[in-house]
Amino acid sequence: MPELPEVETVVRGLALQLIGQRIVAARAARPDLRWPLPARLPERLKGRRIEGFKRRAKYILMRLSGGESLLLHLGMSGRILLVRGAALPVAHEHLVIETDGGWRFGLVDPRRFGSVDLLRTAEEERHPRLAGLGPEPLGSGFTPALLGALLAKRRTTVKAALLDQRVVAGLGNIYASESLFRARISPRRIAAGLGARRIGRLHAAIRETLAAAVAAGGSSFSDYVQPDGELGYFQHAWQVYGRARCPVCPGPRACRGVVQIVQGGRTTYYCPRLQR
DNA sequence: ACTGTTACCTGATTGC
DNA sequence: TGCAATCAGGTAACAG
């Protein structure tokens, strides 16, 4: 269920604990998740030093010595467990990596919509999963002008456009709803029809929404690792997602509350009174 | 080329 | 209580 902020928090926690350590053991519990794992993955991981981490959209990149990177996607149900030393068996733990620093890294993903690949770090931009991704919404290249240009090409609703990773890399179903609420824009508007004022509000709202969630993730537990070893998950106070009452409108007399609609098979939450 | 739908999986929740 | 239907934070393959 991870979107950009959760993946970012995972990456920060991994970087804090694992950089500089060497992989002393690796195990794959099954040959595939969404796609086949790289051939002989455990053997190819063993002995490598972990040099760094990077996030791109909702992907995690673990930079390894030898010029390769492990590419991970958590899908809908993926989690990273990080525990000290030996650990009890965990259901759906498909990949385990142990380091000489005494950490045990586990990729847990019941639905197996996630993925694992190994790529040449120098060629990472050309990887099929990463080429074609849109701008990082928290990066300096993400400007109102760029967002406007990308949305101008889309005849879908703005909500559907925001879920397209070629438009904004890393937004998912929750943060798309949250960003539109913050921008006071109806999710039913056609993307290409947004004017400059709404584009400007949406751009600011996306950045503010994601930045606040990243900050909440980092501050919600020390060292980013929760007591149960889970990385990167945190309770965040959604404004509209999963809620019935609008947190801003004065009350039932003025506002009938948050409405749920289905767009492209995904549930959207919004306040019809505030979002136009 | 663009858009909307379907499929991939398991587990939690809802409704009868 | 039990069981079936529904839904879940993603995305790629497909059909039109």
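Convention: sequence-line order gives letters A, B, ...; per-chain numbering from 1. Just so we're clear, the structure is a prediction, and the values are computed from it rather than from any experiment.
The phosphate of C:dT11 (OP1 or OP2) has a side-chain N or O of A:K58 nearer than 4.0 angstrom. In this structure, A:Q165 does not reach the C:dG10 phosphate: none of its side-chain N or O atoms is under 4.0 Å from OP1 or OP2. Within the structure, a side-chain polar atom (N or O) of A:R154 is placed less than 4.0 Å from OP1 or OP2 of B:dT3. The phosphate of B:dC9 (OP1 or OP2) has no side-chain N or O of A:H92 nearer than 4.0 angstrom. A:R266 has a side-chain polar atom (N or O) that falls below the 4.0 Å cut-off from OP1 or OP2 of C:dG9. Residue A:H73 has a polar side-chain atom (N or O) positioned under 4.0 Å from OP1 or OP2 of C:dT11. The side chain of A:T267 contributes an N or O atom lying less than 4.0 Å from OP1 or OP2 of C:dA8.
Going from the P atom of C:dT6 to that of B:dT6 covers 15 Å, rounded to whole Å. Separating the P atom of B:dA1 from that of C:dT11 is a span of 23 Å, rounded to the nearest Å. Here the separation of C:dC7 from B:dT5, taken at their P atoms, is 15 Å to the nearest Å.
In this structure a side-chain-to-backbone donor-acceptor pair under 3.5 Å is missing from A:R56 to A:L61.
Side chain A:R111 to base B:dC9: a donor-acceptor pair is found below 3.5 Å.
The two residues A:Y270 and A:S186 come nearest to each other via the heavy atoms CE1-OG, 4.2 Å.
Around CZ of A:R166, the count of heavy atoms belonging to other residues, nucleotides or ligands within 6.0 Å does not exceed 12.
Separating the CG atom of A:D164 from the P atom of B:dG4 is a distance of 11 Å, rounded to the nearest angstrom. Between A:E230 atom CD and C:dG9 atom C1' the separation is 13 Å, expressed in whole Å. The distance from atom CG of A:L133 to atom C1' of C:dG10 is 13 Å, rounded to the nearest whole Å. In this structure, A:Q263 places its CD atom 14 Å from P of B:dT3, rounding to the nearest Å. Between the P atom of C:dG9 and the CZ atom of A:R112 lies a distance of 20 Å, rounded to the nearest Å. Computed from coordinates, the A:K159 NZ to B:dT3 C1' distance equals 16 Å when rounded to whole Å.
Within 4.0 Å (heavy atoms only), A:R79 reaches no atom of the nucleic acid at all. Residue A:R34 is classed as a base contact, given a heavy-atom separation below 4.0 Å to a base. Contact annotation for A:G265: no contact, since no heavy-atom pair falls under 4.0 Å across all strands.
Checking A:Y59 against A:E124 by side-chain atom types alone, no donor-acceptor pair falls below 3.5 Å.
For the pair A:R84 and A:W103, the cation-pi test (distance below 6.0 Å, angle within 45°) is passed.
You cannot call A:F113 stacked on the base of C:dT11; the centres under 5.5 Å and planes under 30° rule is not satisfied.
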